[in-house]
2 protein chains.
Amino acid sequence: MTAFDEATAVTPEGEGWYATRPDERFAIVSGDGTVGAVNGGVLLATVLRAVLDTSPHPDPVATSAHFLRVPRPQQARVQVTWLKQGKTAATARAALMQDGCCVLDTTITTGTLGAADGGLSWTGEPPVLPPVEECTGFADFAGATRRTGYTGQVDLRLDPATAGWLRGRPQGVPEMRGYFQLREERRPDAYLLALAVDALPPVIFGIARAGWSPTVELTWHMRAAPAPGLLRLAARSRHVSGGWFDEESEVWDAAGRLVAQSRQIARVGRGRGGPAA
Amino acid sequence: MTAFDEATAVTPEGEGWYATRPDERFAIVSGDGTVGAVNGGVLLATVLRAVLDTSPHPDPVATSAHFLRVPRPQQARVQVTWLKQGKTAATARAALMQDGCCVLDTTITTGTLGAADGGLSWTGEPPVLPPVEECTGFADFAGATRRTGYTGQVDLRLDPATAGWLRGRPQGVPEMRGYFQLREERRPDAYLLALAVDALPPVIFGIARAGWSPTVELTWHMRAAPAPGLLRLAARSRHVSGGWFDEESEVWDAAGRLVAQSRQIARVGRGRGGPAA
C-alpha cells in the first residue's frame with residue numbers, strides 16, 4: 001500500500017459518514033521546513049473514495065470542489081449525501097469536515113465512461129513535451145531540504161520551456177507542462193487523476209514570482225481510465241486579473257489519450273514580490 | 001422588467017428558502033411546437049439571485065452546477081445554505097427543488113472582483129469574429145415557427161464559420177462562436193452572464209447532426225462586470241468520446257474584456273443520426 005493510498009483512506013462509520021485524516025506527508029513544506037497545507041488533490045481523492053464506496057456507477061465523471069478552509073493534519077470526517085442515483089448517472093454531495101466546519105465542499109456525478117454511443121469521437125491536439133530525460137526534476141532542483149512533504153511523494157518533471165521560474169526567469173506566459181507519477185510505483189486510476197489535475201506548480205509562476213496560490217474552486221472531469229505509465233500534464237491560464245487567475249489543465253496518459261481535464265479559479269499568492277519584468 | 005428578469009425572479013420565504021417558477025418562455029421549443037426543458041442558464045441565474053440575496057460579497061466568482069432532473073414549468077423552491085461567510089470569500093450551497101427532489105444542485109463562491117492585488121495582469125488572445133452584420137441570426141434562420149421559447153428571447157448571431165450545421169454541413173470542428181444579447185434591451189450583469197455561458201448551440205453540432213445534448217455538470221467563473229453592449233461568445237470542445245463531450249466557453253464584453261468562462265460536461269444527444277461525414 002502506497003503512502004498515497006494510506007493518505008486518502010477512509011473508514012466507514014455508517015449513515016454516509018467516513019473517518020479520515022489529512023496526511024502531512026502530502027503537505028507543502030517551505031524551504032525553512034514549515035509544514036503548510038495538505039495538497040488539495042489528496043483531499044479530492046479522499047472525498048472521492050468515500051463517494052465511490054456507495055456509488056452505483058464506477059467513474060467520477062464530474063467533480064466540483066470549493067476549498068473553504070485550510071485542513072489541519074488531524075482527525076476529519078467525510079459526509080456523503082446522495083442527491084440522485086439514476087440508471088446512467090448518480091450525484092452526491094460530499095463534504096470534508098473538521099471541528100464541525102466544512103473544509104472542502106464537493107459535488108460528484110458518477111457514471112460509466114465509454115458505455116454509451118460509441119459513434120462520435122473527436123480529440124484536440126495533445127500537448128507537446130520533450131522526452132522525459134530532458135525535463136527538470138522539480139524536487140531535485142528545489143534542493144534536498146524540499147524533498148519532504150508533497151515534493152517527496154511526487155515525481156514531477158517539468159518541461160524546461162516552463163521551468164525558467166525555478167531560476168528566477170519566468171518564461172512570460174502562464175503555462176506549465178510536465179510528466180507526473182508518484183515516487184512509489186502505483187498504477188494510475190481515478191484517485192491518482194484527482195491528484196494529477198492540480199499537480200503542476202501554479203501557472204502564474206510562468207509570468208511572476210508569486211507566493212502560494214490558494215485554489216478557491218476546482219472542477220475536474222474524468223474522460224477515460226488511464227493506461228499504466230507516466231502521465232503528461234499541461235496547464236495554462238486565460239486571464240489573470242484583480243488578484244484572481246484561472247488555470248485549466250489536461251492529463252494525457254502513456255497511451256496518448258486525454259484522460260482528465262480540470263479548471264480552477266485561484267487567488268494570486270502574496271508575499272514573494274510582484275510581476276517579473 | 002424584462003421576461004428574463006421575471007423568469008429568474010425569486011421570492012424570499014424565510015430560513016434560506018425562495019419561491020420561483022421555471023418559465024416556459026425560456027424553454028426549448030421543437031419544430032413541431034413541443035415545449036422541452038427550460039434553458040439551464042435561466043435556472044443558474046435564478047439560483048444565483050437567491051444566493052446573492054444574502055451574500056456578503058457582490059460577485060459570483062465560482063458557480064458549479066450539477067443538473068439532475070428536467071425542471072417542469074411549475075412551482076419550485078430554492079434552498080440556500082451558507083457554508084462559510086469569510087472576509088474575502090463566501091460559499092453557499094443552493095438547490096433548486098421540485099416535488100421534494102433536487103432538480104439542480106449548485107455551490108457558489110462569492111467575492112469581490114478586482115478588489116485585491118492590482119499588480120499582476122495577463123489575458124490570452126480574444127476570439128476572432130466577423131462583424132455582427134455578417135453573422136447568422138439563429139432564430140431567423142431556423143424559421144418563424146422556432147421563434148418561440150428560448151430562441152424568441154435570445155438574439156444570437158452565429159459566426160458563419162460555425163453555422164454550417166444549420167444547412168446540414170457541419171464545419172468539422174467542435175467550435176461555436178457568436179454575438180449574444182437578449183431581444184429585449186437589458187444591460188449585461190452577473191445574471192445575464194449565467195445565461196450567456198451556455199447560450200451557444202452545442203459545440204458538437206460542429207462535427208455531427210446530434211440531438212439535444214443534456215448538460216450534466218457546468219461550472220462558470222465571473223471575471224469582471226461586463227460593459228453595456230453585445231457579448232461575444234466562443235466555445236470549443238477538447239474531447240468527444242464514449243457518449244460524453246466537454247464544452248468550454250468564454251464570454252467577452254463590448255469593451256473587449258474576458259468577463260466569464262465556463263466548462264461543462266454533457267452527453268451526446270441522440271435521435272438525429274450519427275456523425276456527419
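Keep in mind that what you see is a predicted model, and the values were worked out from it rather than measured. Chain naming here is simple, since letters A, B, ... match the order of the sequence lines and numbering starts at 1 in each.
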*Which atom of Ser237(A) lies closest to which atom of Trp122(B), heavy atoms considered*: O-CZ3, 3.4 Å

_Segment of Ile108(B) engaging chain A (4.5 angstrom heavy-atom cut-off)_ = backbone

*Who wins among Gly86(A), Ala224(A), Pro174(A) for the most heavy-atom pairs under 4.5 Å with chain B?*
Pro174(A)

*For each of Thr88(B), Leu68(B), Thr219(B), tally heavy-atom pairs with chain A at distances under 4.5 Å, and name the one with the top tally.*
Leu68(B)

*Determine, for Asp105(B) against Lys84(A), whether the closest basic-nitrogen to carboxylate-oxygen distance falls under 4.0 angstrom.*
no

*Among Thr109(B), Leu83(B), Asp246(B), which has the most heavy-atom pairs under 4.5 Å with chain A?*
Asp246(B)

*Taking all atoms of both residues into account, what is the closest heavy-atom pair of Arg223(B) and Ser241(A), and its distance?*
NH2-N, 4.2 Å

*side chain to side chain donor-acceptor pair (under 3.5 Å) with Arg238(B): which of Glu125(A), Glu248(A), Glu250(A)?*
Glu250(A)

*Can you find a heavy atom in the side chain of Glu217(B) that is under 4.5 Å from one in the side chain of His221(A)?*
yes

*Shortest non-hydrogen contact from Trp244(A) to Thr112(B)?*
NE1-O, 3.7 Å

*At their closest point, which heavy atom of Arg93(A) faces which heavy atom of Thr106(B), and how far apart are they?*
NH2-O, 3.2 Å

*asked:* Assess the residue pair Thr91(B) and His66(A) against the criterion (side-chain hydrogen bond (donor to acceptor under 3.5 Å, both in side chains)); give the C-alpha distance rounded to whole Å, side-chain angles, the decisive distance to 0.1 Å, and a yes or no.
replied: CA-CA 8 Å; Thr91(B) 302; His66(A) 294 246; 4.8 Å; no

*Heavy-atom proximity to chain B below 4.5 Å, by part of Gln264(A)*: backbone

